[in-house]
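Nothing fancy with the numbering, it's 1 onward along the sequence. Since this is a predicted model, take the numbers as computed values, not measurements. Heavy-atom basis, side chains included; hydrogens, waters and symmetry copies ignored. Every number for a ligand or one of its atoms is a count from 1 in the order of the listing.
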Amino acid sequence: MALLEIRDLQTWFDTRAGVARAVDGVTLSVARGETVALVGESGSGKSVTACSVLRLIPRGSGRIVGGQVLFDGVDLLALPDAGIRAIRGNRIGMIFQEPLSALNPVLSIGHQIAEAIRLHRRVSEREAWARAVALLDQAQIPSAQRRVHDYPHQLSGGMRQRAMIAIALACEPDLLIADEPTTALDVTTQAQILDLLKALQTENGMGLLLITHDLGVVAEIADRAAVMYAGRVVEEGRVDALFAAPAHPYAEGLLASLTLEELAPGARLPEIPGTVPSLLDMPGGCAFAPRCAYAADVCRAQAPLLRQVGDSRRAACHAPLQAVQWAARPHARAQMMAREAA
Ligand code: ADP
Ligand code: MG
């Protein structure tokens, strides 16, 4: 059984202009000890997916409309509020992009880590502080014994992100969700933080759901990746297979220009011509059809479901590229589409 299994998740927002289907049928899983990267352009629904797992969607404007989020077999969406609070920060840790907005500015980081521990564990204040120092040390913050008394503004961006990691790991979570944990940092610090996350993940055997738009990071640390487009996962599979021969035209656009060897940390998503459709006014068929060089009538009429393509990936495409055909594309693909249409 997967540690985390998101099934057909739908999270919508009520806006003045109408209902924005930010997440509209996301299916995704993370196994114990596995690193899964969630990639996609800005606005594709990555953060909303992550927040939905922990039920952190702001009440009022947003709502989880459908689907299941099975964590160790238990549907988090069906738990009472107390049930999800007991899991959040405990069995599931979360790291956000902007540590400054996630940390409390008027409490020392030691205080915040100790608080995170004491919320879920019956330990004395003293034990919690000792553990906070150990966690900062584990997060490679130098002079942890002294830095534990620092306030967030006294730390550099990289150190703040390490403090966030220490908080997220305070209760030794089974699953860590990291939403663009290194985006705000310089390249050297990014690399250090990722090495740290990777080391801690291996050490603790946690599942890691890593949201990033850095393809170098995906290539370096993820076992599997899921590519999101307009609120859906359009392709998901093992990273090596995905980079070698993407099956979905959108994934092809993102990944085809790069080889695994060429990818260094900092490799950003390439630009694909056209714009993401408005979530308020999604096209009836495949959301990528207006930008897809291969789109046929069926693509504009009917939204494709995520289905198995080959052994190591799934794609939501009416005519996914097969690895063998890939070498000869787009010629082979055009022929295949013509066959399908006939
Ligand atoms: P990203 O993939 O960049 O993390 P998000 O998951 O943050 O994207 O957002 C996906 C879409 O959800 C946004 O483009 C926006 O339209 C919508 N959205 C997110 N948060 C809100 C909100 N609080 N109110 C209205 N719409 C929102
Ligand atoms: Mg985001």
Side-chain angles (χ1 to χ4, degrees), residues 4 6 8-28 30 36-67 69 76-77 92-102 157 161 164 168 176-185 190 193-194 197 208-215 217-218 222 225-236 248 250-251 253-255 267-272 274-283 287-288 290-291 303 306 316:
L4 177 72
I6 303 174
D8 204 18
L9 177 70
Q10 289 178 294
T11 305
W12 299 353
F13 289 90
D14 294 313
T15 72
R16 237 177 298 165
V19 176
R21 299 181 171 204
V23 169
D24 202 24
V26 163
T27 293
L28 183 72
V30 182
V36 177
L38 191 55
V39 297
E41 284 165 289
S42 178
S44 57
K46 304 181 298 294
S47 296
V48 172
T49 299
C51 290
S52 300
V53 168
L54 288 169
R55 290 187 15 207
L56 291 171
I57 299 296
R59 259 171 226 202
S61 66
R63 59 208 151 91
I64 297 174
V65 180
V69 175
L76 300 184
L77 303 185
I92 304 179
M94 178 139 182
I95 304 170
F96 299 92
Q97 179 174 341
E98 247 313 315
L100 209 49
S101 55
Q161 199 52 290
M164 274 298 297
L176 181 64
I177 299 176
D179 189 355
E180 311 222 16
T182 61
T183 305
L185 305 171
Q190 270 187 24
I193 296 283
L194 284 166
L197 272 181
L208 174 60
L209 180 61
L210 178 68
I211 297 175
T212 178
H213 51 249
D214 186 327
L215 295 175
V217 169
V218 177
V227 178
M228 272 191 85
Y229 185 80
R232 283 168 176 250
V233 172
V234 295
E235 181 159 2
E236 173 269 300
H248 192 283
Y250 177 65
L254 287 187
L255 310 174
R268 293 295 153 131
L269 297 182
E271 297 273 332
I272 293 180
T275 51
V276 182
S278 161
L279 298 172
L280 297 168
D281 187 21
M282 291 294 277
F288 188 60
R291 289 168 90 182
L306 200 60

Quick one: look up the protein heavy atom nearest atom 16 (O) of ligand 1 and list residue, atom name and how far away it is.
-> L279 CD1, 3.5 Å

Give the numbers and elements of all ligand 1 atoms closer than 4.0 Å to a heavy atom of S42.
-> 3 (O)

Atom pair CG (L306) and CG (L28), whose distance is rounded to the nearest 0.5 Å = 9.5 Å

Counting backbone and side chain alike, does S47 bring an N/O/S atom below 2.8 Å of the Mg ion (ligand 2)?
-> yes

Do any N/O atoms on K46 end up under 3.5 angstrom from N/O atoms on ligand 1?
-> yes

When rounded to the nearest 0.5 angstrom, what is the spacing between CD1 in I64 and CD in Q10?
-> 11.0 Å

Got a second to check how far I57's CD1 is from S52's OG, nearest 0.5 Å?
-> 3.5 Å

Would you say G45 contacts ligand 1, with heavy atoms under 4.0 Å as the rule?
-> yes

Just heavy atoms, cut-off under 4.0 Å: does A20 contact ligand 1 by side chain, backbone, both, or neither?
-> neither

re atom 1 (P) of ligand 1, the protein heavy-atom contact at minimum distance is G43 N, 3.4 Å

Single hit among V53, V36, L208 for side-chain contact (heavy atoms from CB on, under 4.5 Å) with V30 = V36

Atom 6 (O) of ligand 1: closest protein heavy atom, distance to 0.1 Å, is V48 N, 2.8 Å

Go through the steps for Y229 and H248 under the test side chain to side chain contact (heavy atoms under 4.5 Å, CB included), then give the verdict.
-> CA-CA 11 Å; Y229 185 80; H248 192 283; over 6 Å; no

At what distance is the nearest protein heavy atom to atom 24 (N) of ligand 1, and which residue and atom is it?
-> F13 CD2, 3.4 Å

Could you check atom 7 (O) of ligand 1 against the protein and tell me its nearest heavy-atom contact, residue, atom and distance included?
-> S47 CB, 3.6 Å

Give yes or no for whether the N/O distance cutoff of 3.5 Å, strictly under, is met between S44 and ligand 1.
-> yes

Nearest 0.5 Å please: distance from the CG atom of L56 over to the OG atom of S47.
-> 11.5 Å

When you look at Q161 and L185, which way does the side chain to side chain contact (heavy atoms under 4.5 Å, CB included) test go after all the steps?
-> CA-CA 9 Å; Q161 199 52 290; L185 305 171; 4.2 Å; yes

Identify, for atom 12 (O) of ligand 1, the protein heavy atom at the shortest distance, and state residue, atom and that distance.
-> A22 CB, 3.0 Å

State the CD-CG distance between E235 and L254, to the nearest 0.5 angstrom.
-> 10.0 Å

